[in-house]
Participant: 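Starting off with a structure, shown below.
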Amino acid sequence: MSGNAAYTEMWEKLDLDIAAHDGLLSVLGKFYGDIYMSQQGRLKGMEYLDFVLSEVHGLRIKELQDAKAEGRKIIGTFCVFVPEELTLAANAVHVGLCAGADAGTEQAEKLVPRNTCALIKSFIGFKMARLCPYTESCDMVVGETTCDGKKKAYEAFAEHVNMHVMELPQTKTASARQLFRDEVVRYMTELEKLTGVTITPEKLAEGIKVVNNKRRALQRLSALRSADPAPISGRDALLINQVSFYDDPVRFTGSVNALCDEMEGRIAKGEGIAPKGTARLMLSGCPMAVPNWKLPYVMESSGAVIVGEESCIGTRNTRDLVDESATTMDAMIDALVDRYMRIDCACFTPNVERLDNVASMAKELKADGVVHYSLMFCQPYAHEALKVDAALREQGIPMLSIETDYSMEDVEQLKTRIEAFVEMVK
Amino acid sequence: MAGIDIGSRSIELVVRESVAADGATYACGAWQTTLQRRLPTTFDPVQQCRSILADCMPDRIVATGYGRGLVAEVVHASGRTVPVESITEIRAHALGAHHLFPEVRTVLDIGGQDTKAIQLAPGGKVMRFEMNDRCAAGTGKFLEYTATVFQMDVAAFGAFALLGSNAPVINSMCTVFAETEATSLMAQGERPESIALGLHQSIVRRTVNMLRRVGLEYPVVFAGGVAHNPCIRQLLLRELDAPQELLLIPDDPDMCGALGAALWAQQKEMEARHAA
Ligand code: SF4
Ligand code: SF4
C-alpha cells in the first residue's frame, strides 16, 4: 500500500486522519505481504491486482477525485442489491464500502450496540475514525433494509453522510417484487436528481452491458476453478472479487479476462497453484470485504486450496445476469428486478434456493468440503449455517461451520478446526 | 515411533516399538507401547518438550495438541534428523480411542483448555467433530478455576461434589461468572458440596449438548484429564441415560492423544517401509 507523500495532500483534502491512516496503510501493506506476496507460483495476471490493491487508497482515489472534478458523482454501497447498472447509466461511479478490518471500534460502539457484526462496526468505525477515502469521496451512500443490524446502523450513519436507503423486501412474493421494483425506480429518480443526468434506455442498456460483462468475466474465472489442480489460489480469487467493487468496471473486466486466458493455458498444461490431490474446499456464507483474508489464509495454510466463494463477494454477486434483450425503460427495469430478486441472501425468508445453489456449486467445483463462514452476531447466516449443513449432509458433502470476526485471537483455534476438517475430507 | 501431545496443561509422550526381532513382520499386532510419560506444560513448553524427549531416540515423531508446531523445531534444533509430522488433536484422539476400543462411535475429550466431541464411522474414520469456542467454559480449566473457590485441589473436587445433593442450577457458562454465582450461593448458605455438584452439572449439560450436536452414537469413549473425575463420569451417564458399559474410559485417559499420534507415526513408518 503506497503511503506515498504525493497522495497526502489529497488525503488531507478528504479530511482523513493522516497519522492514523498512515498506520493503517503500513499494517495493511505488511498483512498483504504476508498473505499474498508469500505465495509461490502465482499467476502473472495477479500483478494487475497487486497494483490495484497497492494503489487502493492512492491512484484509484485520485481517479475518483478526477471524476468528481469532471462533475461525475460517487455512489457508495454496502450490498449487492443496489443496481450498479443504474449508477453507471447516471454516469456516476459505483463503489462498495463494506469494510473488512477492525478500525475505530470504540467510536463505532457509540453508534451501534457492541453485539453488532464486525462488518457493520467496521464501516461505521472507518467513517468515525476518518480512515476511508472512499467513504469520504462519496456524494451519496446507499443503504438497504436487509438485516436488522444494517438497517438500524444506517439510521445512525445518516447523521454523518448523505444517505439514501432502499427498502428491500424480506420475501420473494409478487408483492415483494413490486416493492423492490418501486424501490429501484426510486433509486433511479434519486440518482437523476443527484447527477442531473436523465437515465435513458440507451444509457441503461450500456450500464447493463458493462455490468453483465464484468459478471461474465467473474463467472468465467469461477468456472475455471473446477479444474484439478486448482489454477488459482482462493486468496487471489477472493481478492479479484473484492477489487471488483472498487475498480473501474471496464478496465477490471479486461484484466480478469486476460487472467482467465492465462489460467486456461495453465489448465491445459495440467499446472496449478497447489498439487493435484490437494484438499479442495469451498467457502460459503457472509461476504469477506477487504482486507478480511483471515479465514482463507488459515485454510490455505492448512493444506487446502479454496475453489469457490458462495458469498456476495463471490458467486452470489456474479451468478445471474440481466436479460439484455429489453429495449423500453419499463422492460429494462423489469429485467433488472428479475435478476436482483434472484439473489439468495440469508435476509430472505424462506431462502431455499440458496441450499440448492450451495450444493450444486460444491459439486461443480468438485469441492471435498464446504467451510461455512458467519460473522459473529450475524443472525441470518448463523441460522442458515444449520440449514446448509443439513442440506449438504444429505448430499454427502461435509461441512464445517465457522463463526468468527476480524480479530486475530482465534487464529490458532481456527487452524486446529480447519486442519482437522482437511484431515477428515481427504 | 513416538507420539507427543502438547496440550495447554500437560505434555504426554507415548513410544511404540515394533517387537518383531527379525525385522520382517510389521503386522499391527507386532507393535507395543513401551513408554508413556507426562510432564506439565508450564510456561516454557519448548523446554518441557526437550525434557520429555531427552533420553528417547525415536525414528519418527508425530506431534499433536495445540503446541504441535513446536516439536519439529525442538527436535531439529537438537541436531536429530528424524521425520517429524503433525496431526490435529481430532485425528489423534480418534485414532487413540479407536485403537483402545475398536467399537467406539463417539469420542469425548475434555482437556485442560478445550473440549471436543468426535463422531466416528464404524471403521474409525472421523465423520464430524465439534470443539468449544474461544473461551474455557466447559473444560478442565473451568473445574480447576472453580475448585479454587473451595480451596481444594482439582483432583479431589469430583469426589467432593459427589457428596452434594439437590444441586442448585448454575446458569452461567462463563468461568468467571460461574465463580461469582458459586460465591453468592455460598453466601446464601447453600452446602458447598451441592454447589460443587451444580458446577459439575453445568459442564456435563454443555458436554452432552455438544455430543448431541455431532450425532451421538454409542459406545462413547471418554478421554482427557477430566475423565478422571468421578462426578463428571457419573453425571454424564445419568444425563445421557446410558448404561455404564456404553461409556468407556481408557486406563490412561490423558494419554489418548499421544497414543493416537504414536499410532499415526507407526502407520507412516509402515507405509515408508513398504515403499522401500
Ligand atoms: S449478504 Fe445479503 S445483505 Fe449482505 S451484501 Fe449480500 S445480499 Fe446484501
Ligand atoms: S454479516 Fe450478517 S449481520 Fe453483518 S451486515 Fe451482513 S447480514 Fe448483517
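Chain letters run A, B, ... following the sequence lines, proteins first and then strands; every chain starts at 1.
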Participant: Thinking salt bridges, do B:Arg212 and B:Glu239 make one under a 4.0 Å N-O criterion?
Facilitator: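 Salt bridge flag = no for B:Glu239 with B:Arg212.
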Participant: Could you go through A:Lys294 and A:Asp410, starting from their C-alpha distance and side-chain angles, then the distance that decides it, and tell me whether this counts as salt bridge (Lys or Arg N to Asp or Glu O under 4.0 Å)?
Facilitator: CA-CA 10 Å; A:Lys294 171 170 101 170; A:Asp410 62 343; 2.8 Å; yes
Participant: Within the 3.5 Å criterion, strictly below it, is a donor on B:Tyr145 or B:Glu179 matched to an acceptor on the partner's side chain?
Facilitator: yes
Participant: So which part of A:Leu414 gets closer than 4.5 Å to some heavy atom of chain B, the side chain, the backbone, both or neither?
Facilitator: neither
Participant: Scan side-chain atoms only and decide if A:Asp405 and A:Ser407 contain a donor-acceptor pair under the 3.5 Å cut-off.
Facilitator: yes
Participant: Answer with side chain, backbone, both or neither: which region of B:Ile87 has an atom nearer than 4.5 Å to a non-hydrogen atom of chain A?
Facilitator: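 B:Ile87 touches chain A through backbone and side-chain heavy atoms alike.
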Participant: Could you tell me which of B:Lys125, B:Met131, B:Arg128, B:Glu89 has the largest number of non-hydrogen atom pairs under 4.5 Å with chain A?
Facilitator: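 Among the listed options, the one with the most contacts to chain A is B:Arg128.
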